[in-house]
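Working notes, beginning with the structure itself.
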Amino acid sequence: MTFQYVKVSGEPYEIGVQMAKQAGDKINRCIDIYADLFASVGVSWVEARQKAYAYIPEIERYDPDILAEMQGMAVGLERPLIDIVTLIIC
């Protein structure tokens, strides 16, 4: 497995969009892998997402830029924000 080099710049939201555009296939694949892993231990992706919702206010309080970057990734991937939060937090 090789790691993809992603070059980004700008504000956090823009960085998230750029990451999604450059590495979207890999990010989407990671979400699929995590969904399968959760399912293998009896936790659906829907349940994992529900648990991850509680972290959104905490992320925003800790560092709003992190949440803005996640929002940019979600937009760039055309996925809901909670998918990105679930991937990163859970």
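Just so it is clear, the structure is predicted and the values come from calculations on it, not from any experiment.
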Does Y55 share a hydrophobic cluster with Y53, counting links as ILVMFWY side-chain heavy atoms below 4.5 Å and allowing steps through other members?
yes
Are L77 and D83 close enough that some pair of their side-chain heavy atoms sits under 4.5 Å apart?
no
If two hydrophobic side chains count as joined below 4.5 Å and joins carry through other members, does I66 share a cluster with V17?
no
Check the hydrophobic clustering (I, L, V, M, F, W, Y; side-chain heavy atoms under 4.5 Å; chains of links allowed) and say if W45 and L37 are grouped together.
no
Indicate yes or no: at least one non-hydrogen side-chain atom of I82 is less than 4.5 angstrom from one of I56.
yes
Between A68 and P12, what is the shortest heavy-atom contact and its length?
CB-CB, 4.0 Å
Indicate if I33 and V85 have the same hydrophobic cluster label, given that clusters are the connected sets of ILVMFWY residues with side-chain heavy-atom separations under 4.5 angstrom.
no
Please answer: with hydrophobic residues joined when any side-chain heavy atoms are less than 4.5 Å apart, are M70 and Y62 in the same cluster?
yes
I need the minimum non-hydrogen distance between N28 and R79, along with the two atoms involved.
OD1-NH1, 2.8 Å
Value for CD1 (I27) from CE (M19), rounded to nearest 0.5 Å, stands at 6.5 Å
Side-chain touch L81/V75, heavy atoms, less than 4.5 angstrom:
no
Kindly check if the number of other-residue, nucleotide or ligand heavy atoms within 6.0 Å of NZ (K26) is above 12?
yes
Set of salt bridge (charged side-chain N to carboxylate O under 4.0 Å, His left out) partners for E78, sequence neighbours left out:
none
Decide if atom CG of D36 counts as having more than 12 heavy atoms of other residues, nucleotides or ligands within a radius under 6.0 Å.
yes
Closest heavy-atom pair and its distance - A48, C90:
O-SG, 4.1 Å
Straight-line distance of I84 CD1 to R49 CZ, nearest 0.5 Å:
10.0 Å
Looking at side-chain heavy atoms only, is the closest gap between I15 and D65 below 4.5 Å?
no
Quick one: side chain to side chain donor-acceptor pair (under 3.5 Å) pairs with a partner in residues 7-16, sequence neighbours left out?
none
Would you mind reporting whether I59 and I88 have side-chain heavy atoms less than 4.5 Å apart?
no
Mind checking the CE-CD spacing from M73 to Q71? Nearest 0.5 Å is all I need.
12.0 Å
Whether Q22 side chain and V8 backbone form a donor-acceptor pair below 3.5 Å
no
